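Read the structure below first, then the notes.
What you see is a predicted model, and the numbers here were worked out from it, not measured in a lab. Basis for what follows: all heavy atoms, side chains included, without hydrogens, waters or symmetry-related copies.
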Amino acid sequence: MKGNFLKSILYSYGSVIFTSLMGFITLPLSLNYFGKDLFGLFSITNDTLAYLALFNFGIPWATATIFAKLLNYRAQKELLFKSLKLLFLLCLVMACVVSVVTFLYPNWIHFIAQINTNILPLAKLFISISVVFFIIRLPFSLFGQLLIFINRVYISKIIDILSSMLTFSSLLVVIYFKLSLVQYAIINGFISLIPLFLSIIFFMRIWRREALSNLVYNSEDTSYRHLMSSSFYFFLNGVGGLIIWNTDSLVISHYLGLGETAEYAVMFKFFTILFMIITQIMNVVNPLFPKFIKENKRDKLSQLFNVLIRIFPVVGGFILIVIFGFFKEFVILWTHNSNIFIGSLSCFAMGLYCYFLCSSIVPYSAVVSLNYAKEIYKLTLLEAIANLVLSIYLVTKIGVAGVVFGTLIAHVATMFILVPLKLDKLMPNLFKFDFFFVIKHFLFVITPVSFMIYYLNMYSFNLMKFLLFILVFAFYFFASSIIVGKKNILEILQLIKVLK
């Protein structure tokens with residue numbers, strides 16, 4: 001298992017580094033070729049597709065978690081076929097719903113955003129083509145999730161690398177031949193099918209080779225009832241997560257316009273790249289939660305949890321420093337467009353959001369991986385509602401920054417506090433989240449560092465400012481090591497031994 005874990009970590013970070021590099025190159029190319037408004041259209045189209053993904057009803061996640069617990073080939077096969085039947089049926093329903101809405105409401109695009117009339121026909125066609133290819137891809141996304149839960153994360157990441165290469169290639173073709181946004185949607189749509197077919201091929205070969213066929217299984221584990229009841233709670237959590245992560249651009253486009261949406265999309269792209277790099281370890285660790293429980297290795301699981309809840313807040317603080325301290329200079333260098341900078345207040349709020357998000361991701365991942373999604377769906381929906389209400393209110397008061405602050409406040413008031421408490425209630429004495437550690441780290445490390453960056457941001461970037469930022473980083477890691485403590489640092493350095 002240790003070999004697979006290390007291989008998965010290596011390929012996960014290799015994938016993120018490569019796809020991030022592709023993202024860094026692709027974003028300015030797209031922005032400068034298509035323009036600010038059409039780049040904003042990219043953002044709201046992706047958010048729209050994310051909402052349509054609700055039609056999968058949480059079945060891919062539910063199937064993967066149930067599949068990982070089944071050891072019998074016949075049981076897994078039965079579960080797989082039932083899942084695919086449901087997904088194809090749901091895609092058919094989605095296609096019918098989209099067709100009816102399009103027919104009854106010719107101006108349906110105004111439900112998504114307020115778009116200038118001069119690009120309205122182009123925007124409608126671009127979104128329509130994107131939706132068609134999305135419906136085609138949706139059922140087959142199940143296999144990528146299954147690859148992760150059969151401990152083949154590294155294969156999934158290789159496919160991710162190929163996918164980003166193909167997407168980048170399609171953009172280069174469009175730029176070279178001076179094609180339109182619609183032609184880009186068609187080319188990229190066909191290319192996006194290739195990674196899906198590869199996921200199916202790899203999964204089928206591995207599954208048939210490793211599955212066992214001589215074990216007795218409970219037919220209830222593969223029943224439609226069990227599958228739908230499990231997926232229902234993943235669906236509700238998905239609704240909450242969707243509102244939290246994919247509504248901001250829609251709110252901004254409605255109240256401020258596509259230009260401000262583009263500014264937010266650039267910052268959010270920067271944030272998600274950093275966040276993905278940091279949290280790749282959770283994609284590898286998630287399957288270990290049910291595995292250790294099944295093997296009754298509770299001590300190792302508890303040790304792993306205690307190590308991770310100290311690593312991630314410190315790493316989240318590092319991201320805060322990068323976003324708050326360097327995003328302005330970086331985005332100008334990155335896009336060659338000073339008008340795309342969103343503002344320091346938004347950067348501070350996004351950095352702080354990332355800090356608390358990193359602090360809460362470990363208990364949340366434990367809850368979901370152990371198939372307790374049904375226990376926290378109300379919390380996810382509560383965060384989503386609070387986020388939407390606060391974002392709409394604050395965007396009218398302080399602009400784009402209000403949306404980010406709405407997301408931050410909603411997360412801290414709900415998921416950051418309540419999910420660890422719920423996890424401790426579900427599995428007493430196994431997962432103990434150390435709130436006191438996060439509070440100490442926030443008060444005595446994050447707060448003074450934020451003030452330092454605030455004053456440094458008043459000056460233009462030069463060699464002296466760069467040297468002072470190095471001192472800020474040094475202070476941050478030194479102060480964080482004191483808060484973490486020597487004993488916990490030794491446990492962190494021995495993390496790999498937990499996974500033997």
Give, for atom [atom1] of [X] and atom [atom2] of [Y], the distance between the pair rounded to the nearest 0.5 Å.
{"X": "I66", "Y": "I59", "atom1": "CD1", "atom2": "CD1", "result": "10.0 Å"}
{"X": "S249", "Y": "I44", "atom1": "OG", "atom2": "CD1", "result": "8.5 Å"}
{"X": "L87", "Y": "S231", "atom1": "CG", "atom2": "OG", "result": "9.0 Å"}
{"X": "K328", "Y": "S344", "atom1": "NZ", "atom2": "OG", "result": "6.0 Å"}
{"X": "F348", "Y": "F405", "atom1": "CZ", "atom2": "CZ", "result": "6.0 Å"}
{"X": "L320", "Y": "F442", "atom1": "CG", "atom2": "CZ", "result": "9.0 Å"}

[X] vs [Y] side-chain heavy atoms within contact, under 4.5 Å:
{"X": "F312", "Y": "V438", "result": "no"}
{"X": "L90", "Y": "N56", "result": "no"}
{"X": "I200", "Y": "L196", "result": "no"}
{"X": "M94", "Y": "V98", "result": "yes"}
{"X": "T414", "Y": "L379", "result": "no"}
{"X": "L92", "Y": "F88", "result": "no"}
{"X": "F202", "Y": "I158", "result": "no"}
{"X": "V419", "Y": "S360", "result": "no"}

In terms of heavy-atom contacts, does [atom1] of [X] have more than 12 from other residues, nucleotides or ligands at under 6.0 Å?
{"X": "F475", "atom1": "CZ", "result": "yes"}
{"X": "K440", "atom1": "NZ", "result": "yes"}
{"X": "F318", "atom1": "CZ", "result": "no"}
{"X": "F197", "atom1": "CZ", "result": "no"}
{"X": "Y224", "atom1": "OH", "result": "yes"}
{"X": "F55", "atom1": "CZ", "result": "yes"}

(message) The test is side chain to side chain contact (heavy atoms under 4.5 Å, CB included); show your working for I311 and V484 and say whether it passes.
(response) CA-CA 9 Å; I311 291 176; V484 172; over 6 Å; no

When you measure from the side chain of [X] to the backbone of [Y], do you find a donor-acceptor pair of N or O atoms at a distance under 3.5 Å?
{"X": "T272", "Y": "K269", "result": "yes"}
{"X": "S163", "Y": "D160", "result": "no"}
{"X": "S141", "Y": "L138", "result": "yes"}
{"X": "T65", "Y": "A62", "result": "yes"}
{"X": "S164", "Y": "I161", "result": "yes"}
{"X": "D424", "Y": "P420", "result": "no"}

May I ask you to decide if the ring planes of [X] and [Y] are parallel, tilted or perpendicular, using 30° and 60° as cut-offs?
{"X": "Y476", "Y": "H441", "answer": "perpendicular"}
{"X": "F435", "Y": "F416", "answer": "perpendicular"}
{"X": "F473", "Y": "F469", "answer": "tilted"}

Work out which heavy atom in [X] is nearest to a heavy atom in [Y]; give both atom names and the distance.
{"X": "L79", "Y": "T63", "result": "CD2-O, 3.7 Å"}
{"X": "G316", "Y": "C358", "result": "CA-SG, 3.7 Å"}
{"X": "I453", "Y": "G325", "result": "CG2-CA, 3.6 Å"}
{"X": "I309", "Y": "K432", "result": "CD1-O, 3.6 Å"}
{"X": "V400", "Y": "S346", "result": "C-OG, 4.0 Å"}
{"X": "R137", "Y": "S192", "result": "NH1-OG, 3.0 Å"}

(message) Please determine whether salt bridge (Lys or Arg N to Asp or Glu O under 4.0 Å) holds for the pair E78 and R74, giving the CA-CA distance in whole Å, both sets of side-chain angles, and the decisive distance to 0.1 Å.
(response) CA-CA 6 Å; E78 184 178 339; R74 288 177 56 197; over 6 Å; no

(request) Just do the side chain to side chain contact (heavy atoms under 4.5 Å, CB included) check on L80 and Q76 with the steps written out, would you? (result) CA-CA 6 Å; L80 182 59; Q76 292 175 336; over 6 Å; no

(message) With no hydrogens and no angle check, just 3.5 Å: does a side-chain donor-acceptor pair link D248 and T407?
(response) yes

(request) Start with the C-alpha distance between L27 and F270, add both sets of side-chain angles, then the distance that settles side chain to side chain contact (heavy atoms under 4.5 Å, CB included), and finish with yes or no. (result) CA-CA 10 Å; L27 189 145; F270 184 72; over 6 Å; no

Decide if the gap between the ring center of [X] and the ring center of [Y] is smaller than 6.0 angstrom.
{"X": "F431", "Y": "F433", "value": "no"}
{"X": "F67", "Y": "F203", "value": "yes"}
{"X": "Y264", "Y": "F268", "value": "yes"}

(message) With ring pair (Phe, Tyr, Trp, His ring centres under 6.0 Å) as the test, pick out the partner of H411 among Y353, F356, Y364.
(response) Y353

(message) The test is side chain to side chain contact (heavy atoms under 4.5 Å, CB included); show your working for L352 and F324 and say whether it passes.
(response) CA-CA 9 Å; L352 207 55; F324 188 31; over 6 Å; no

